[in-house]
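These notes concern the structure reproduced below.
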Amino acid sequence: MRRFDTAKLAVAVFIGSEAVFFGFLIAAYLYYSGAIHGPTARSSLDPARTLIFTICLIASSGTLWIAERHLAAARHTAFRAWLAATTLLGAVFLAGQAMEYVGLIAKTITPERNLFGATFFTLTGFHGLHVLCGVIALAILLVLTFRPGFGTREGSGVAAVAMYWHFVDAVWIVIFSLVYLAV
Amino acid sequence: MSDIPITPDLLEESARAADRSRWQEWIATVDHKKIGTLYLITTLAFFCVGGVEALLIRIQLAWPGNTFLGPDAYNQIFTMHGTTMVFLVVVPLLLGLANYLTPLMIGARDMALPRLNAFSFWVFLFGGILLYFSFVAGHAPSAGWFSYAPLSEKGYSTRNGLDYWALALLGIGVGTISTAINLIVTIINLRTEGLTIRRLPLFVWMVFVNSFLIIAALPALNASLVMLLIDRQLHAHFFTQLGGGSPILWQHFFWSFGHPEVYIMVLPAFGIISEVIPVFSRKPIFGYGFVAASTVAIALLSLGVWAHHMFAVGLGHAWEYAFGASSLLIAVPTGVKIFNWIATMWGGSIRFTTSMLFAIAFLLTFTIGGLSGVTFATVPIDWQVTDTYYVVAHMHYVLFGGTLFGVMAGVYYWFPKMSGRMLSERWGKVHFWLMFIGFHMTFFVQHFLGLDGMPRRVYTYPNRPGWGVMNMISTIGAFVIGISVLVLLANIQISRRSGALAGDNPWNAWTLEWATSSPPPEHNFDMAPPVRGPRPLWDLAHPQGGRT
Amino acid sequence: MWVCAFILAVVTIATFYILVRYRRRDDREPDQTTGNKTLEIVWTAIPLALVALLFGLSVMTARAVDHKIQRAADVVVTGRQWWWDVRYGANAITANEIHVPVGREILVEVDAADVIHDFWAPRLSRKVDAVPGHPNFIWIRADQPGVFAGACAEYCGAQHAWMRFRVVAQDEASYEAWLAHQSTGAATPSNGDAAVGAKRFGELTCANCHAIRGINTQKQYAPDLTHVASRQMLAAERMENTPQNLRDWLREPKVVKPGCYMPNLKLSDQDLTDVTAFLETLQ
């Protein structure tokens, strides 16, 4: 009796564990945010610029959703295109984050500098790592779409990766709100 | 019928398997039974290592002022003993048993994610090797198994041991979470026809609830470990006061993992007991629903008691009262279980097999451990006994006298299923009595040492009245335990080859794993029996009902 | 404790009774009872009531032990790897030995300078952690005169085992005398080995870590030695305070207390004689 799709169920449970993990990183960020000596979120970050990359990431969830609909309707070429767009948008987000990091480090805002540095880099860094893993998963999926026989049957694996990607997106919305907007 | 179809892939797999050498078979396996066996063998090996570490500790403490081990060596050894037993023995042992038994007990052919299963084992093994590599690399971790900051920070633990510790535990944590995911998906998706959630064997139910607890707790450890590593390697100040950080935050974060962890270490053992006692009392478990529900209660409550490890930190009375209350509360569902197990035996026809002896010993020993836990939940008492040998006594009563005795009951119960042969009952009883007596000799006196003022984690102690004698008794007890383990190992090794043949169902038990051969074939079942209740084989043997 | 003993007795007796009464006699399968709702409710309700009782008792006791603090501490104890810095006010400074007057409640402030320690005198009080940056306060009170053992009760590294201390409870007059004496400075000895020792104390860099009020003042890296010879023990309860032990401690600190931060200065026999003689004058 297969009650739920195995891949999706597994990813859902995995997402549960990741939510706890990020919860603790967020807790550390918030705990220390009250009493920072030295550079703070307000003084070091550029919410407007990060908003652009945020929009890219949110858009990538949209493109992925569209891609899945194409796959369900067996429109494989369209699926591939929208999947590629998703992967690209994810990579753009990562590039944006990398640029931001370079800028901060150039101003000696590092994990060592103070607790803003430590909590900021830890939280956004692990998020970025999760985005990277997502981008790799999407890229692998993209490659798999070129295999003969790729079809709607693979929808379950795609759906599982999609769930993960949407989760990573949702975490970023939380981080963006707490770290960039709450100043 | 179980639901993974015999697809051409699987048949091909079996054919190819016949060509591989035995080593390849074991390294490349994705079969849950082989993986479960790998876990059992590996954790047994780590148990011996951890046991040797314990013996070294006990030799050093046998009399005051002993110079067998210097403080640096001793501190590494007690840290490794704790870390090994918690992370490399108890949890993977339970998960290994769960791995082997769950598909069998639900009438499935394998776990839902066989390759993830294999990955989980190998990443766990890698973590274990990485941890022990620290000895070779110059210095094992020596800040205790829960590595309080600031002692665990670079400034006070300058060698690399703690970095190995953190990295190893991260790997092991990933493996543990993966197994939990696998178990949850397997239990939800792969139950055979008729096996509703309410008919689940209690072992499977407890493994199921336990897996959710793992999902909730292990990530807290992973988060704590990365923050510690970032402190140590990138010079941040999460937990060092000098940079504005808070050593107490480490404690909050760690115990948010650490307390659920101890329940993770005991729930599956509760499950084993819930299988063993009914079979050897020849009655169903008393109060199935209440035992199942109390498991959920314990799991939920365990998320809200962590600060009872911090009653002496000076958090303030509000924290202490709140967590004292929740910690006292968690005793209630645990007590309910004990009463139900005893009631199961009432009116039964008890067979004193080795497995049952361990189950009974579990009942008594875990009760003592649980009650000493209740004394800890009573805050002012905790202010005296926390961080003393009273804690060492308590934790070993629940983890060794509790979980490990439960595991022993499970070993003697399921070894016939796994190997096809019976363990010697005669030598089993020798093992039992030696272990039981050795255990109480080792740990009972430690209650008194703690009450009398002996702190924990000390490489030696002053010659205060009675301390030398009590420590010596404890040391002798430890060696008695050691001998009992040798008996067990010999029993396993000899019985594997020449024990009495077990047959499908040597204990006349009732759950699905006994409805196939011993050991089971690769695909587990030729045909899983119909399931109309929690005891399918009983129902099959008593179609009219029978003495209910 | 009585509650626990009672529960243990119930469980143990019930179990043994059942094991005897219901041991297998034949191969008949017994009545397959599956449960009893009333029983479940009863044996959930009773433990619930018992733990509620325990909670109530614990709150009452906690409030009595940890009652309100409305004044400054009488003594400030700072845990350091691996000794206890003890200060009464600004002037009386010592290490590892606390004196208290019998019958009077003393408020102790517990701090830490490096890692987390724990201050625990089992017969006198609860224990409390010494957390860097987070001072804690406990009350201690001795009802009889005597010497009470104390220990660090939070693992703090290599010499956690020998980070012990003692509390000496004396009558009010003796206590005041002791306190007054501990507040005084030391005088440099004028002749003999001790005088040489005093000079060598500075030359050998001992003075870089150890303060001796009246002779040199120093940041407190190591125990204040102004009245070291008046203490009962050395090296945080490691050994009795005798001239020979003191000499051994100076000669090979890493053998006496492996891992401690006091360096082995490889003192010559003559230096050992002189410095020991000097330290012995610091009564």
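Below, read A as the first sequence line, B as the second, and so on, with proteins coming before strands; counting in each chain starts at 1.
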Below 4.5 Å, heavy-atom pairs only: which of C:A153, C:P47, C:G157 has the largest tally toward chain B? C:A153
Selection from C:I116, C:V110, C:D114 maximising heavy-atom pairs under 4.5 Å formed with chain B: C:D114
Is C:A62 in contact with chain B via its backbone, its side chain, both, or neither, using a 4.5 Å heavy-atom distance? both
Side chain, backbone, both or neither: which part of C:D66 has an atom under 4.5 Å from a heavy atom of chain B? both
What part of C:R63 gets closer than 4.5 Å to chain B, counting heavy atoms only: side chain, backbone, both or neither? both
So, the side chain of B:Q241 versus the backbone of C:V131: is there a donor-acceptor pair under 3.5 Å, distance only? no
Using only atom types and a distance under 3.5 Å, with no angle test, would you say the side chain of B:Q384 pairs donor to acceptor with the backbone of C:P122? yes
Does any backbone or side-chain atom of B:S281 lie under 4.5 Å from a heavy atom of chain C? Answer side chain, backbone, both or neither. backbone
I need the residue from C:V59, C:I46, C:T12 with the largest number of non-hydrogen atom pairs under 4.5 Å to chain B. C:V59
What verdict does the side-chain hydrogen bond (donor to acceptor under 3.5 Å, both in side chains) test give for C:Q81 and B:Y156, after you've listed the backbone C-alpha separation in whole Å, the side-chain angles of each residue and the deciding distance to 0.1 Å? CA-CA 10 Å; C:Q81 285 177 319; B:Y156 298 103; 5.7 Å; no
Note: vs chain B, highest number of non-hydrogen pairs under 4.5 angstrom among C:L8, C:V115, C:L48 is C:V115
So for B:R464, is it side chain, backbone, both, or neither that comes closer than 4.5 Å to the heavy atoms of chain C? side chain
Where does the angle between the aromatic ring planes of C:W43 and B:F339 fall among parallel (under 30°), tilted (30 to 60°) and perpendicular (over 60°)? tilted
Heavy-atom side-chain contact between B:S349 and C:R28 under 4.5 Å: no
With a 4.5 angstrom heavy-atom cut-off, is it the side chain or the backbone of B:F352 that approaches chain C, or both, or neither? side chain
Salt-bridge criterion met for C:R123 and B:D452 (N-O under 4.0 Å): yes
Heavy-atom contact with chain C under 4.5 Å, split by part of B:I360: side chain
Quick one: sort the B:Y321 and C:F55 rings into parallel, tilted or perpendicular, breaks at 30° and 60°. perpendicular
Within the distance-only criterion (no hydrogens, no angle test), does the side chain of C:H134 pair as donor or acceptor with the backbone N or O of B:P247 below 3.5 angstrom? no
Would you mind checking which part of C:Y17 comes under 4.5 Å of any heavy atom in chain B, side chain (CB onward), backbone (N, CA, C, O), both or neither? side chain
Donor-acceptor pair, side chain of B:K283 and main chain of C:P30, under 3.5 angstrom: no
Is there a side-chain contact between C:T44 and B:V332 (heavy atoms, below 4.5 Å)? yes
Please look at B:F239 and chain C and tell me whether the side chain, the backbone, both or neither of the residue comes under 4.5 angstrom of a heavy atom of that chain. neither
Below 4.5 Å from any heavy atom of chain B, which atoms of C:F16 appear? Answer side chain, backbone, both or neither. side chain
Honestly, the part of B:A149 sitting under 4.5 Å from a heavy atom of chain C is backbone
Which bit of B:L151 comes within less than 4.5 Å of chain C, counting heavy atoms only: side chain, backbone, both or neither? both
Check each atom of B:V374 against the heavy atoms of chain C and say whether the ones under 4.5 Å are side chain, backbone, both or neither. side chain
Looking at C:V11, C:L54, C:V128, which has the largest count of heavy-atom pairs under 4.5 Å with chain B? C:V11
Checking heavy atoms, do the side chain of B:N75, its backbone, both or neither come under 4.5 Å from chain C? both
C:C156, C:G133, C:S125, C:P132: which one forms the most heavy-atom pairs within less than 4.5 Å of chain B? C:P132
At a 4.5 Å cut-off on heavy atoms, which part of B:Q251 comes close to chain C: side chain, backbone, both, or neither? side chain
So, the part of C:E237 with a heavy atom under 4.5 Å from chain B: the answer is neither
Any sub-3.5 Å donor-acceptor pair from B:D72's side-chain atoms to C:A158's backbone N or O? no
